[in-house]
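Naming: A, B, ... by sequence-line order, numbering from 1 per chain. Scope of the values below: all heavy atoms of this structure, side chains included, with no hydrogens, waters or symmetry mates.
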Amino acid sequence: MSFEYHEPTSLAEAVDLGARFGADGRFLAGGTDLIIQIRRGKLRLRHVVGLHRVPGLDGIDANGSVTLGALVTHRALERHSAFQGRLRALVEGAEVVGGHQVRNVGTVGGNIVNASPAADVTPVLLTLDTTVTCAGRGGERTLPLDGFLVGPGQTALRPGELLTGLRFSALPGRSATAFLKAGRRKAMEISVVCVAARLTLDAAGERCAEVRIALGAVAPTTRRARAAERALEGRVPTPDALRAAGRLAAAESQPISDVRASARYRTLVVETLVTRALTRCLERIRDAAS
Amino acid sequence: MADRMRVVGKSLARVDAPGKVSGTAIYAADFALPGMLCGKVLRSTLPHARITRLDVTRAAALPGVRAVITAADVPDVRYGGGLKDETAFAKDKVRYMGQPVAAVAAATPEAAEAALAAIDVVYEPLPAVLDLEAALAPGAPLIHEAWESYTAIPILHREGNVCNRARIVAGDVERGFEEADRVFEHRFRTGMVHQGYTEPRAAVASWDSSGQVTVWSNTQLPFEVQNTLAEILQMPPSKIRVVVPGVGGGFGGKLRVGVEHFAAFLARKSGRPVRVATTSEEELTAAYPRQGSIVELKTGVTKDGRITAKAGRIWLDTGAFAGSGPGVASVATLVLAGPYKIPNLYLEGFAVYTNKTNCGSFRAPSGPQANFAVESQMDIIADALDLDPLEFRLRNIVREGDEGPTGQVLNGVGLEECLLKATAAIGWKDRRPGPGRGKGLACGWWTTTGGSSGVYVKINPDGTVALNTGAAEIGTAAITGAAQVLAEELGIDLTDISVVAADTFSTPFDFGAQGSRTAFAVGNACLAAAADLKRQIFALAAGQLGVEPDALTLADKHVAADGKRLSLADVARLSQQTGGGLIAHGTFIAPPTPYDTKRVEGHVYPAFHSPSFHAHAVDLSVDPQTGEVTIHKYVVAQDVGFAINPTYIEGQIEGGVAQGLGQTLSEEIIYEGGRVLNPNLTDYKMPTTLDVPRVESILVQHPSLVGPHGAKGVGEPPNIEPPAAVANAVAAATGVRITSLPITAEKIALGLVDARAGGA
Amino acid sequence: MTKVALTLTINGQRHEVLTEPHRTLLDVLRADLGLTGTKENCLEAECGVCTVLLDGRAVNACILLAAQCQGRQVLTIEGLGRDGQLHPLQQAFIDHGAVQCGYCIPAMILSAKAYLDEHPAPTEAHVREALAGNLCRCTGYQKIADAVLAAARELAHRR
Ligand SMILES: Cc1cc2nc3c(=O)[nH]c(=O)nc-3n(C[C@H](O)[C@H](O)[C@H](O)COP(=O)(O)OP(=O)(O)OC[C@H]3O[C@@H](n4cnc5c(N)ncnc54)[C@H](O)[C@@H]3O)c2cc1C
């Protein structure tokens, strides 16, 4: 692993270096994915561009709609007071990433751009209809996160382009989120399956107005379970309906068998965790109302 | 008795703790010499293949590269313990993916990596033997075509891919089955697991101008490494000095030569000190893990729950070389018998070659594999007979004076007490306290390995003591335990003792930190040295004080008689002035354990010396959908004979259970097509702080006849029972019986799905 | 390969280091500065034996480029005790029998310190969660958790 290291101190400089190196370079955020990939020989880079001296990329703004800088760490997410309520799934996703050492430096931007299908924070962001902002020589562009993820390790980011931040709307009342993950150990686990869910009830508090379900580790990318979402929207979220949504989500997942688990088990866990995550959302909405 | 003791039996702090908490303790992985080069090993990329081309010229010419070696550069010898089948480098063919093919030494790790990449190797693949079934199939490819020509101890029974078959036959097993009301047959499987020490294996070698090599290594067995290096290097042992600076865990994985020989060869060729240390990938593909196994058990019982006969076979997948396999297969048969009185036995253990890494000894070698089968089946049978599993065990366990499977007479048998205390502590009466929750029980027995130990004990002129031992401290605090025995005997404090350890040139011989023997054997050697020192001290002091030596006592750092006192320091100074100082050589070898030689065949370990007995009980819940296991409570009642240092014995129990739970629930080296699929700590999953429950340790003390103060070996046993205890608890909680390790959430969940489908 | 000149502040002392950009803080600590109290094992941030504190936070030195530490405060185990006195965490690890082979212990102590600095009165569950990124193969963690809780009490007492 030998490369040149650069530390831009402004966004413009970072964009410039990114554009200059293109596919020969990569940005370094926490390095918890990148350095390991370089060391395993999966990436051979000429240039590494450290981002931590670029100002303004680690902010969290949660007044109204939420913006997160790409360099926001998992630690910052899990501790932010604005995420302890309706956005609780952000905390739940962030607080199970690795151990403290990894969460102290690993970033939300890295979690997205690394584009592991098993990423834990990415599915939560998918359920929030997050948009991502990228900066390149051509200027800035904003894209929906859904669609940004293209395949394992692949995103719509152009070579040399920088992810600067994310944005999603605040959730209306009668909304809640939940995140659940399954693995062999109770910590330091790459998800065998992870599931994020968001539920917004209608004004009467009876029917599902909006439902988002995102699945991790059961497809080439983190992905939404659209059939399950559609089946619930407009329905009363009875236990049976939530179980049916779990079954639909299982049916639309396309897991593989690998060293961590079989496809059959992953499908079973999707069904269980989707049902549980939705149930938890419902409980949270009710708890908040009472 | 313990209350009269001042030092032994007390939970005193270990002697090496301050250096370890402050980061000043030097481990082998930390050890460095000026000008030292970095050595790395090129390893086979195929499980079974002929080497058709091996050219290192390009690698040797790279900048910074100081030495490149292959089989052509080293003496053509086969080495090994009981069976000499191993070579330093693959010669004509490779037998597992990961086998050393060449090694390089270079100025930097980067240059060494570049040199490895520049070595030109071409392989011609051969049909590989990927598992036990394939190795045993008729017409299976032979992994060692010339196996018959290898040097081996004559006891071994070898045939093709089987490098030993050990057997115990007692009574008449067929008649035993006829006497039974019911006969149960089951098959179990266990996976290959790694010791998981946190310090990689590491060695630094340096040659001096007289042709002597010094190797600083984190081996558990410096004297064995010295002898094996002598064999590999074709040099007299007197030219090979092995020093153990510090060891970051071993658990049996650091018994055999692993990197030391490469460091020595590379250092000789380069003329510079060379360090070789393993990567995680090398650890998980080319180390000495625990053998995976298949176990078949057939057990006959009467209606009232008495075992009449047991036939059992265990096949251990020992990988491409025998390693510890022949011995482990022998030990396995004693574990298969279990701590039970069974009149008719037919037990066999097979060590089988496959194209995988060479397996070795992992804390209680064969214990978890065989005990998982035995103790799982005990519960299955108890269920079928409608007997409480505790009651079923109590009807069959060995008690004081009973015979072991090979006819040894058992002493200090505390098993019944272990079972009763463990079950009481777990709340056994309520075995299924709620839906998805269950309790499990397992028990077993184990040995205290023999082998000799020597110590030199020297009294310093200030009355403190230097304990010089050839045994390496690998973390267990066994040397602290031995020092406590010594301090007690000499009437001094533990803090008065400093330890000099594990240097094959300056410390006396020790059989090594293996087999739960260190505190036991070194402790006894300390007793012998103390007895000798006391004779010397009393003789000197008697003259000085004008009393009879017989009248003297040694206590509280003084010799005294008739109201007259002399400090130990004074006696030591006196001796320095007149007799070369106070020093004693204490030695110990465990007496042989008599057994019935007619009952065994191919057996290198026919009896368990000073056996220990233990019972584990666990209370856990299973998620009915995902199969995830949560352990609420874990209890171990272990008969330790005598607890020399209760805190560190608890430490052995807590750590052994944690490691055992790893093998039980999450760990496995997974091979596919001869390749390890999880050669990293991301996917080789050792338990974290959140996976291990609190463990309640109950120390039962039925003294052994031989150990210091009646102590028995304590280090290995806690690793044995977790798989079976958990399997039994999972079955109690869910009705699903998992017969293979690891017991993953996946296996349980899919078992539940299948049970529901079958039941519907 | 071009080298970079770095000024690293380690245990309060400034060190001038000239090194290749790909080398990690762990490489520099152990090989260049001889600070071997920070241990090396998996090199993939899984085992945690390389944990040091960077600006007070626990990080894995094995995946942190030395260049990233320019101008920041690094604390290693060698910098923990003061004037030959053990830190209460170090003393508690000894007193509670929490040390066996000891190879994971410097990192374990530093992870615990980072946590206690922010959470002076934790529960056992909190302590275990804080140490989940530090593997220990010897102890089963029980005496480690006990030691950290005892140190927390001792530190509170001293405040
Ligand atoms: C021990 C361990 C445990 C882990 N456990 C988990 C887990 O449980 N769950 C989980 O989801 N992940 C886990 N991870 C993976 C990793 O920590 C996360 O994905 C983390 O969020 C990555 O962030 P980072 O800042 O470290 O990314 P880096 O490694 O710095 O970067 C990752 C990739 O993203 C690119 N990149 C980063 N930031 C930007 C940017 N702003 N613009 C453009 N490109 C960018 C990099 O070039 C690189 O290709 C674990 C990692 C380790 C080492």
Side-chain angles (χ1 to χ4, degrees), chain B residues 11 13-14 16-27 29-32 109-110 195-200 246-251 277 279-280 473-477 645 647-648 650-659 661-662 680-682 686-695 718, chain C residues 1 20 22 27 30-31 34-49 76-78 80-81 86-87 89-107 109 124-125 127-145:
Chain B
S11 286
R14 57 188 304 143
D16 54 5
K20 288 180 171 178
V21 298
S22 55
T24 55
I26 298 294
Y27 295 79
D30 304 328
F31 189 84
E110 293 83 354
Q195 291 85 354
Y197 33 77
T198 48
E199 183 204 28
V247 187
F251 314 107
T279 62
S280 285
E473 173 57 70
I474 60 172
T476 60
N645 187 318
T647 293
Y648 294 114
E650 287 166 19
Q652 288 301 298
I653 291 174
E654 291 158 13
V657 168
Q659 204 172 31
L661 289 175
N680 51 60
L681 296 191
T682 312
M686 292 186 275
T688 70
T689 48
L690 297 184
D691 297 292
V692 183
R694 284 193 82 83
V695 177
Chain C
M1 169 74 28
E20 290 93 347
H22 67 267
D27 294 334
R30 286 175 61 85
L35 293 171
T36 55
T38 307
K39 301 302 179 192
E40 174 172 326
N41 181 26
C42 77
L43 299 181
E44 297 197 345
E46 291 284 349
C47 74
V49 302
T76 72
I77 192 72
E78 288 89 349
L80 192 57
L86 295 178
H87 184 277
L89 269 163
Q90 293 170 311
Q91 190 59 48
F93 270 62
I94 297 177
D95 295 344
H96 288 263
V99 181
Q100 290 190 29
C101 89
Y103 199 74
C104 73
I105 294 298
I109 288 175
E124 175 170 354
V127 168
R128 283 181 179 258
E129 200 282 325
L131 300 178
N134 292 76
L135 287 182
C136 169
R137 195 60 157 173
C138 295
T139 65
Y141 306 109
Q142 184 161 325
K143 297 194 188 307
I144 289 177

Original post:
Is a salt bridge present between B:E199 and C:K39, judged by a nitrogen-to-oxygen distance below 4.0 Å?
Top reply: no
Original post:
Below 6.0 angstrom between ring centroids: does that apply to C:Y103 and B:Y27?
Top reply: yes
Spacing of [X] atom [atom1] and [Y] atom [atom2] [to the nearest 0.5 Å]:
X	Y	atom1	atom2	value
C:L89	C:I94	CG	CD1	11.5 Å
C:I77	C:T36	CD1	OG1	12.0 Å
C:Y141	C:N134	OH	CG	8.5 Å
C:C101	B:F251	SG	CZ	6.5 Å

For chain B, which of [options] has the most heavy-atom pairs under 4.5 Å?
options	answer
C:C42, C:P106, C:A31, C:G37	C:C42
C:Q91, C:E44, C:E129, C:Q142	C:Q142
C:E78, C:R30, C:H87	C:R30
C:G140, C:G34, C:G133	C:G140
C:A145, C:C47, C:A132	C:A132

**OP:** State whether B:Y648 and B:R14 meet the cation-pi test: NZ (Lys) or CZ (Arg) under 6.0 Å from the six-membered ring centroid, and within 45° of the perpendicular axis.
**Re:** yes
Option that, when pairs with chain C are counted at under 4.5 Å, heavy atom only, ranks first among [options]:
options	value
B:S280, B:P109, B:P693	B:S280
B:S11, B:G248, B:G246	B:G248
B:A658, B:G656, B:A13, B:P200	B:P200
B:G662, B:P687, B:A25, B:G249	B:P687

Side chain [X], main chain [Y], donor-acceptor under 3.5 Å:
X	Y	value
B:K20	C:Q100	yes
B:E473	B:G475	yes
C:N41	B:T198	yes
C:R137	B:Q195	yes

By a 4.5 Å heavy-atom criterion (distance strictly below it), what part of [X] contacts chain C: side chain, backbone, both, or neither?
X	answer
B:P18	both
B:T24	neither
B:L661	neither
B:Q652	both
B:T279	neither
B:I474	backbone
B:V692	both

Region of [X] in contact with chain B, defined by heavy-atom distances below 4.5 Å:
X	value
C:V49	side chain
C:L131	both
C:L135	both

**OP:** Walk me through it: do C:K143 and B:E650 pass the test salt bridge (charged side-chain N to carboxylate O under 4.0 Å, His left out)?
**Re:** CA-CA 9 Å; C:K143 297 194 188 307; B:E650 287 166 19; 2.6 Å; yes
